[in-house]
Amino acid sequence: MKYLENAFKFLGNFFLLVIPLFIAIAIPSIISGPSKDALSKQYTEIIMTMAKDPTLMQNSSNLIELFSTLISFLPPIILGFILTIILRIIVNPATYGMVNKALETGNVDLNDFVPEMKNNIGKYILYALSYIGIYFAIFFLSAILSFIFSSITTISTTLGITLLILFSIALFIGLFVFSYLISLWFPAMVSDNLGVGDGLKKSISVVKSYFWPIVGISILVAIGSGILSAIAGFLKGIPVLGHVVLSFISALVEFIMIVFCFEVYRDKTGKNEGMNEELNYEAPGDYL
């Protein structure tokens with residue numbers, strides 16, 4: 001818990017560093033949020049209409065007419081998605097860089113945004129492409145194996161279904177574990193100026209030594225975030241304000257987890273010995 005406590009202390013000392021992350025979340029949310037809400041509502045109405053009148057599903061023209069009403073909501077959603085990608089490519093490298101600099105020197109402000117963005121944007125793009133590539137490969141292999149196991153059901157239904165169930169369980173557990181093993185991937189690249197491959201190896205190595213605490217704290221933070229979001233959910237119906245508040249909560253939670261990841265990585269790799277005393281961090285031996 002000491003890592004999480006220090007993440008909150010860090011937040012208190014460098015609260016302004018949350019601003020870029022908040023902007024990166026809030027702008028796309030304000031643009032696409034109302035359309036997403038309207039699309040969800042319209043989709044629910046379509047499903048209810050089809051449930052009341054099942055004959056609609058028998059006519060393809062009726063289905064096309066029903067679902068075509070959703071098209072008008074797509075442009076703002078697509079624009080929000082594009083803005084999210086652009087802003088993340090700019091903001092994430094800078095935020096990780098500023099957090100790392102603060103932990104190394106104890107001195108950072110928003111003037112460091114552009115320099116840190118320039119220092120880390122190349123790493124971030126490579127990291128993001130590698131991240132997407134790995135999960136695409138996992139999806140591709142999973143699809144092939146699922147097809148093979150499904151084909152086996154034509155020979156032996158029991159064996160095929162059993163293999164599919166076991167594979168699904170193994171895939172779920174594997175993805176769960178892997179998602180945490182790579183949670184320090186980009187912090188490792190930024191903190192130690194590593195390449196994609198070395199950063200991945202370092203992340204797996206460090207996380208293995210502190211796996212379950214990372215999982216537990218991540219779940220704890222997610223629960224806290226869910227509670228706050230649920231409390232603020234009543235504001236969602238208010239134009240702009242609701243999305244701004246929810247975006248602010250998301251930015252705070254994400255920022256805390258970024259700092260937490262750096263805290264874990266730095267301590268487990270011996271970097272916390274030189275922590276800035278102004279932040280009141282504990283010595284490595286005091287961590288749980």
Side-chain angles (χ1 to χ4, degrees), residues 18 21-92 128 131-132 135-136 138-140 142-143 146-147 149-150 153 161 164-165 167-169 171-173 175-176 179 218-257:
V18 180
L21 201 57
F22 166 65
I23 292 173
I25 297 173
I27 291 178
S29 179
I30 291 171
I31 291 173
S32 66
S35 293
K36 287 180 180 178
D37 296 339
L39 185 146
S40 178
K41 183 178 179 181
Q42 182 67 18
Y43 180 79
T44 301
E45 290 180 358
I46 291 173
I47 298 301
M48 291 177 64
T49 300
M50 292 169 60
K52 292 178 181 178
D53 185 6
T55 59
L56 291 172
M57 292 183 283
Q58 300 173 4
N59 190 319
S60 58
S61 61
N62 288 336
L63 289 176
I64 293 173
E65 184 178 351
L66 279 173
F67 284 99
S68 64
T69 59
L70 302 178
I71 296 176
S72 61
F73 302 116
L74 293 181
I77 294 174
I78 294 173
L79 177 59
F81 177 73
I82 294 172
L83 283 175
T84 295
I85 294 175
I86 295 172
L87 290 173
R88 285 294 186 168
I89 290 175
I90 295 171
V91 170
N92 281 24
Y131 184 96
I132 293 170
Y135 274 98
F136 178 80
I138 292 173
F139 172 79
F140 182 73
S142 299
S146 296
F147 176 76
F149 295 145
S150 297
T153 59
I161 292 176
L164 276 173
I165 292 173
F167 173 68
S168 298
I169 294 172
L171 180 62
F172 174 79
I173 295 173
L175 287 174
F176 176 82
S179 67
S218 298
I219 293 174
L220 178 64
V221 172
I223 292 173
S225 172
I227 292 173
L228 288 175
S229 296
I231 293 174
F234 70 94
L235 295 173
K236 202 170 182 179
I238 304 176
V240 181
L241 178 61
H243 293 286
V244 168
V245 173
L246 290 172
S247 296
F248 182 69
I249 293 173
S250 296
L252 280 180
V253 172
E254 185 173 343
F255 185 79
I256 288 170
M257 287 307 300

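No hydrogens, no waters, no symmetry mates; every other heavy atom, side chains included, goes into these values.
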Next item on the list: Flag the pair Y135 / Y131 as yes when their ring centroid distance falls below 6.0 Å, and as no otherwise.
Entry: yes

Check: Could you give the distance from CG (L175) to OG (S142), rounded to the nearest 0.5 Å?
Finding: 6.5 Å

Next item on the list: Just grab all the side chain to side chain donor-acceptor pair (under 3.5 Å) pairs involving residues 70-83, residues at least two apart or on different chains.
Entry: none

Item checked: Listed partners of E45 passing side chain to side chain donor-acceptor pair (under 3.5 Å), at least two apart -> none

Checklist line | Test item: I138 and L171 side chains (from C-beta on) under 4.5 Å apart, heavy atoms | finding: yes

Next item on the list: Please list, chain by chain and in numerical order, all residues satisfying side chain to side chain contact (heavy atoms under 4.5 Å, CB included) with S168, sequence neighbours excluded.
Entry: none

Next item on the list: Can you measure from OG1 (T44) to CD (Q42) and round to the nearest 0.5 angstrom?
Entry: 9.0 Å

Notebook entry, point to check: Looking at F172, F149, F147, which one forms a ring-ring contact (aromatic ring centres under 6.0 Å, His included) with F167?
Noted result: F149

Item checked: Results of ring pair (Phe, Tyr, Trp, His ring centres under 6.0 Å) for Y43 - residues two or more places apart only -> none

Checklist line | Distance-minimising heavy-atom pair for H243 and G33 | finding: CE1-CA, 3.4 Å

Note to self: Could you work out, with side chain to side chain donor-acceptor pair (under 3.5 Å) as the rule, every residue matching S250, not counting sequence neighbours?
What the structure shows: none

Next item on the list: Would you please name every residue forming a side chain to side chain contact (heavy atoms under 4.5 Å, CB included) with I82, sequence neighbours left out?
Entry: I78, I86

Note to self: Between S29 and L246, is there a side-chain heavy-atom distance shorter than 4.5 Å?
What the structure shows: no

Next item on the list: Taking all non-hydrogen atoms of both residues into account, name the closest pair between T153 and I161 and its distance.
Entry: CG2-N, 3.7 Å

Check: Who passes ring pair (Phe, Tyr, Trp, His ring centres under 6.0 Å) against F81, sequence neighbours left out?
Finding: none

Check: Can you say whether the rings of F136 and F139 are parallel (under 30°), tilted (30 to 60°) or perpendicular (over 60°)?
Finding: tilted

Notebook entry, point to check: Going by the side chain to side chain donor-acceptor pair (under 3.5 Å) test, which pairs reach into residues 76-85, not counting sequence neighbours?
Noted result: none

Next item on the list: Mind checking side chain to side chain contact (heavy atoms under 4.5 Å, CB included) for I231 and listing every partner two or more places apart, or none if nothing turns up?
Entry: I227

Next item on the list: Can you tell me which residue pairs pass the salt bridge (Lys or Arg N to Asp or Glu O under 4.0 Å) test with a partner in residues 67-77, sequence neighbours excluded?
Entry: none

Note to self: Using 0.5 Å steps for rounding, measure from the CD1 atom of I77 to the CD1 atom of I31.
What the structure shows: 12.5 Å

Item checked: Contact summary for A232 and V245, nearest pair of heavy atoms -> CB-CG1, 3.8 Å

Check: If every non-hydrogen atom of L164 is compared with every non-hydrogen atom of S146, which pair is closest and at what distance?
Finding: CD2-O, 3.8 Å

Margin query: Test of understanding: with ring pair (Phe, Tyr, Trp, His ring centres under 6.0 Å), list the residues that count as partners of F248, not counting sequence neighbours.
Written below: F22

Notebook entry, point to check: So do the side chains of R88 and I25 get within less than 4.5 Å of each other, counting heavy atoms only?
Noted result: yes

Item checked: Close side-chain approach of L228 to L252, heavy-atom, < 4.5 Å -> no

Margin query: List the residues meeting side chain to side chain donor-acceptor pair (under 3.5 Å) with S40, not counting sequence neighbours, and say none if there are none.
Written below: none

Notebook entry, point to check: Do L79 and S32 have side chains that get closer than 4.5 Å, going by heavy atoms?
Noted result: no

Check: OG1 of T69 to CD1 of I64: how many Å apart, nearest 0.5 Å?
Finding: 12.5 Å

